[in-house]
Amino acid sequence: MTRPGARRRAAADHRLGARPGEVIDRSRTIEFRWNGVTHTAHPGDTIASALAAAGVRMFARSYKYHRPRGLLTADIFDPGAILQVGDEPNVRAAHRLVEPGMDVRSQNTWPSLRYDVKAVNQLAGRFLATGFYYKTFIKPERLWPTYEKVLRQFVHAGEVPPDSEQPYFDKRYAHPDVLVAGGGPAGLAAALSAARAGARVMLVEQEHQLGGHLRWGDADDLRLRDELVAAVEAEAGIEVLTDSVVAARYDDNWLALVQRGLPHVAERLIKARAGTLVVAAGLIERPYVFAGNDLPGVMLSTAVRRLLNLYAVRPGRRAVVFTANPEGDAAAADLRAAGVDVVEVDARHGRTVVRATGRGGVEAVELSDGSRIEADLLVTAIGWTAPTSLLNMSGANPVYRPDAARFVPDPGATPDGVIAVGGIAGDGTREELVAHAEAAGREAAARASALAAVHAAGRPDGPAATPRPAEPVPALGLRHHPELFYATPTGGFVDMSEDVSAKDILTAVKEGYDSSELVKRYTTATMGPAQGKLETVNTVALVAHATGKTIAETGATTWRPMYTPITLGALAGRKFEPVRHSPVQPWHEAHKATPLIAGQWIRPEHYGDPAAEVRNVRAGVGIIDVTPIGKLDLQGPDVPKLLNLLYVNKWSKLGIGRVRYGVMCAEDGVVLDDGVTGRLAENHYLMSTTSSGAGTVWEWAENWLQTEHPEWQIHITPVTTAFASINVAGPKSRELLARLTDVDLDNTAFGYMNVRTGTIAGVDNCVLWRIGFTGELSYELHVPASYGLHVWEALMATGADLGIAPFGVEAQRILRLEKGHFIVGQDTDGLTKAYSAGLDRVVKLDKSDFAGKPELAWQAARGEYPMLVGLRPLDTSVIPEEASQIISDGGYIVGRITSSRLSPTLGHPICLGQVDAHLADPGTRLTVRLRNGSDTTVEVTAEHAHFDPEGERQRV
Amino acid sequence: MSRNGQHDGPGRARRTSRYSAWSLVKNGLGAGSGWERAFRHHTPKETYDVIIIGGGVHGLATAHYLAENHGITDIAVLEKSYIGSGGSGRNTAILRSNYLTPEGVRFYDRSVKLYEHLAADLNFNVMFSQRGHMTLAHNDSSLRTMHWRAEVNKLQGVDSSVIDPAEIKKLVPYMDVSSSTRYPILGALYHPPGGIIRHDAVVWGYARSADAHGVHIHQKTEVVGIDVASNRVTGVRTADGRRISAPVVVNCTAGWSTLISDMVGVDMPVQTFPLQAAVTEPVKPFLDTVVVSGTLHTYVSQTDRGELVFGASVDPFASYSTRGSLDFVEGLAGHVLELMPGLSKMRLLRQWAGLCDMTPDYSPIMGLTPVEGFFVDVGWGTYGFKAGPVSGEAMAACIAHGKPPEIIAAFGLERFDEGRLVGEKGAAAVGH
Amino acid sequence: MSDIAAPIARTALSFPGPLRTVDGWETTARHATGGLRLTDLGPLVKLTVRGPADGSVRTALGTSFGRTARPRGGPLAGALVVGSGPGEWLVLGAPGTGGELLAGVGAIVADSGEFASVVDVTHGRALVRLTGEAAPLLLSKVCAIDLTDRVVPNGSAFRSSVARVVTDVVRDDRADGAARTRSYLLHCERSSGQYLADSLVDAGIEYGIEVGAAAADPI
Amino acid sequence: MMLLTCPNCGARNVSEFRYVGEAKSRPDPETATPEQWRRYLYFHRNPAGWISETWYHGSGCRRYFGIERNTVDNAQRSAAGTAGATS
């Protein structure tokens, strides 16, 4: 490896004098490195143009055969100029502008681009033909992993260093009336006329300047470009984005744009909802397939004109121009004007190129008449491909027109929201194309306006709208073009990125892979970086030849997003991952709580020692922040009907001031959620749900109300975070709370399973329920959330002498397990129906209806269902891990441990588990297979609760 | 069911040239390609013993095993597009057997075993890369599910265990296993036999073998109707106006399984959802393991070509549209960068979608139906490709013997009426 | 009952820097002077009202879904009434007016003869105001709704996803003499408030967003 | 991203909505046979074409509503089947 900057390259010797349309700033020179050697460039140069100006011809080695490759298209689709720039792989060097200090390297070459060891693959080429890997390395099977490792070494790509920088990416939405994809003459004209018709227009151009092919054209072209660009820039209703791409079109004109070259961010993804999409993508020049067509020095006419006229780079000294169209003729004229010797081979007069030869680059060209011309540049201008990707994504597949030798959009299949203009739509003079685009721009604005009116009518109090039918845009004509796809069906490369030759295509067809799709999959033709923009039509032509069908019958493969590849960073953009905090969170953080991520909530898992937290609750008093518990405010005379429908138990007789536990099941009888609901006033209830079920239960309840019982008078308001919820638990909880509240806490005045409202620590409108998930005397306080931190701190301060300590989610899990309370989703699963969860006493089948009732009735009648049981390991030194399987003598699975902890209160391990029905009787001994492979024995307990099964402690 | 390998004419079995390094050299030296067609075109006959609807891996594998294991070769496979054009060519080619239920684990383990020897059995390199498969857990409950799966797997003899973040980092150095992320990685279910395969090659390998046994593969042949007389199938009608008769018709379609079953009046507990996938440009190999995150709805692997292949869970609403969405690639990119932040400059090359027939219990529907002679191998959700070989083997046995073999006994259509759902739904939301 | 400090209310949002306590509410004391400001309006009284979309409650509240009203007289004088959903309203009032406002709305509900209800969500929601000409640009990074005048004119309201949080957005421009400044109220469930505010600040950096109230900012 | 037209809020990105599923009528739980009930729970028409279905506008008005959608191209019409398609 050469030290950076150690060698310098002499000044560009292929740079021409000033050109009228050039885009480089000759007043400044910047430096960059190419394979360790310092080169110079002018601002405006692409990496490829700067290297070409320095006489570099070879940019890369090919995928399979490591053949030398140079510039072909000199734009973003160039398969020969994909390079590593710093830590960025696969940079399109014919698009990316040079920046000072750039470190540019060729990819996948070793030890160097010039002397690449894997170039020996060229010799083995005839054996590496298409599908070779399907036919080899089959036996012996044990050697395949080794073969695979070798194959992976051949991956043709750049690299992502593990320490790649992580730049900042941006994202935004946009709502243009008309979005024009492509800033050539048609796109400019369409944008102008749409804006003048009153539309908000977004004009997006992939390249660095507006103007499209006018940029490398003659004086008239440049004049038209100047006029159109000036008019667009003066039009306030047009937002212009250059170096940006419309990467994809989705349903309802939802467009993905990537904007590059921004000052503050790496790239920006714009998600645009366009009224009308105007596709003005132009035409892509199609390469010709002939032997030697991949040699450095073989270029498309557009590539040559870009190099000459935009970058003032002379691409060769002696050129053969193989032309079938005026653009090719113009390239020949441009070359001559730049002092290049030119021999024209005119396809319109039946002459063709059949072969290019040379070592490391073109040295000679052979023609169909057998003649041979020495040249270092071979230019082809044999036809065009309409890059209809955005139209394909709109559901319109193009149709083949032999007279024009290309696929063209099918206007009949294009949705109203999409209009094609310019070369992609058809041919014409400059003036015809501009006039057509102007008409299309006006119609695009009209359609967008009509759609906006329809959307406005749909909004609340929106004005009425009369739909306006879309008016057709007159079609463009097509210019005759000879059909030229390949010199001989056996020579040359079809896909330069994938190293797929014409012969590979023929072989694939012969082997039975005889449709475009199968050929694509078997040979990988069109699967590379350009996604078929250069390759698809030539591939189809060869398949057609090999099958004896026409190109139209054969059909092209589908173009899918992306139009050009876009970075993962741009797609990801800024992160939107909502998190939720309780009002007490600052206290938890200040007191070193270990955070637990529970869905969107961040909660304290513990404050250092969960076992101590458990003991403190059992012996004294502890408080836990249970704010995430779901809370729904229910108002209206029909609330009991809703409760009866949602819960499996009965609710008609719940008195004011009373609280009841309930379980909800889905319509298949599977346990959905549980919680308590209290009656605060005649027509006012407060329901609690599990914290993860809060949203689900709310939507479930609304579904019943809105779709099944709209006649019921009930209003549901989610109030989960209107309250900070604090559970005060332990034998001393009454003593503590009495110091802070005006509510009479005496057991006779405020007994177990009751609810009261009152003042706590000076805060009005608090709700207190006396319930006991922990099994201790406990009060669950629901405090207006703004005062949550105040009340928490008041409790901690006031309870200091009682030994108050906070406890976290882990201690709560242990406390509830000691009491045998199940957790929905942990001790139950996606098939656990209510009776399996041991809810026999809760389910009331004599209610006329409730969610899931029929399945529960059948479950009860059938019996024989898995049961949730309490389990106690006989060996108290073993705590079976959760998810350990319970197995029968024959090794069959008959259950599993769903919850398991060492009980700090009891001093031995305790579990809950699901077991098959016949093993659920108390006293049954079961074998548990532990994670380490050993077995241990557990015994089914009489109750789920391991501690205070009678529940006396919570009723005191 | 008659054994019928003795047809005259185009249905006849033939000897194919074997693929090997030596044959490759021989063909390379010869002028042009000396390879025979891997599969041929035939004019459809008027009658077959078995008609299989769907030329994907399930249909072709069923044909292959009917011929190979049961000597039944008078078979037509009818494919409305080209072979492998549906789910078989659109999935992300991940194989694994670390399921949650014993019936699921047993079934998919058989499939992995068949895949391990498939290249040799079919004489077609399907490039099964058993590089290991890990399913990340980002919270307690998914970690518990990973343990649950691991324990069930171990009891079924499947190599599967839960590993910690340090071990994950060793296997995937690019992974951010720090605890400061929004979705910290707590562990992973690691399954060494899992991996990826060349999905098209599996299709072609089965097609070539079936063809060699005399099976007729009719591409671009869409079934538009199925004839039933006295509650028994008698044949099918195709879009080009043919009627082809057969006493046995097998629905091996994905995405269209409801529509095919509707033709005989058999209702299905199926909803069709698009499932999207995407691929990046290649970079030099850096990821040797298949990585799945259920919480982030993402799975990622790197092919031997260097591309990253991504997938997610099915789209949020039922549809037959395969146009894909930006939402999907945005979410995917965000989640991949959450896992491996250094990849932000890699570029997404292409996205696509396939159709998944989701069932209520995330398990397939296989076997007999109330209509005699009409068999189904459908409801494959997001796991159909993994099950290709075992499904073909089991369906072939089911057709040959007229009753489902033990390995698919739990997957019958009748389970939904009887309320005996399979418990796979208990596993993480993403089934890859 | 023992002696404890007087209750202090805290909004859903906290920002680094000094705090001040006004009317029993502790909020940031940061002062914003720039052209784009994010102001915590957590202390405002917030009531949700439900009732028939087109009955007498609607008439009394003076607006319907998608629009806002500022009653000049009557029990709701000085409050901002937002039609936040079909048959659903949000009533915002100055800090400390909770009792009167609740009584006023309660009377409307009681007198309507319709099935209607009111819930005080002052403590259950976060509320911020985003003011400045760049506000729609900032919001275009976090909200997919087209904010042009023809879709969201001054005095209109909608509910949608903002940075993936379900949020009521109210266009309520500030008038300062003849000059009008773009301004939006954003109202969401309380526990997501800090996240939402952080997301807005992050998206607003390139426009020079400041947190705090300018002297001229009323509610 | 597809637009879905909410009868209350107008056309919004489909990501604002939750898909509930095919519109189905709930059998009478008192009289339904197990087979009828499980058909309600598990079976779907799942047509390739127009379907009546239920959506929930979770990020907007929070209302459930019915709509008809063509599952092949996601075109929509209001549940009454009279209004023009929006897609």
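To find a chain, count down the sequence lines: A is the first, B the second, and so on, and within it residues start at 1. Only a predicted model underlies this, so the values are computations on that prediction, with no experimental measurement involved.
Residues meeting the side chain to side chain donor-acceptor pair (under 3.5 Å) test with C:Arg159, sequence neighbours left out: C:Glu88, C:Asp168.
The two residues D:Asn8 and C:Pro86 have their closest heavy-atom pair at CG-CG, 3.7 Å.
At a heavy-atom separation below 4.5 angstrom, chain C is approached by D:Arg12, D:Asn13, D:Glu16 within residues 12-30 of chain D.
Sorted by first and then second residue, the salt bridge (charged side-chain N to carboxylate O under 4.0 Å, His left out) pairs involving residues 51-66 of chain C (not counting sequence neighbours) form an empty list. Applying the salt bridge (charged side-chain N to carboxylate O under 4.0 Å, His left out) rule to pairs touching residues 203-214 of chain C yields A:Arg268-C:Glu206, C:Lys141-C:Glu206, sequence neighbours excluded.
Between the CZ atom in C:Phe65 and the SG atom in D:Cys61 there is a gap of 6.0 Å [rounded to 0.5 Å].
Taking chain D as the reference chain and counting heavy-atom pairs below 4.5 Å, the highest number among C:Ser160, C:Gly85, C:Ser84 is found for C:Ser160.
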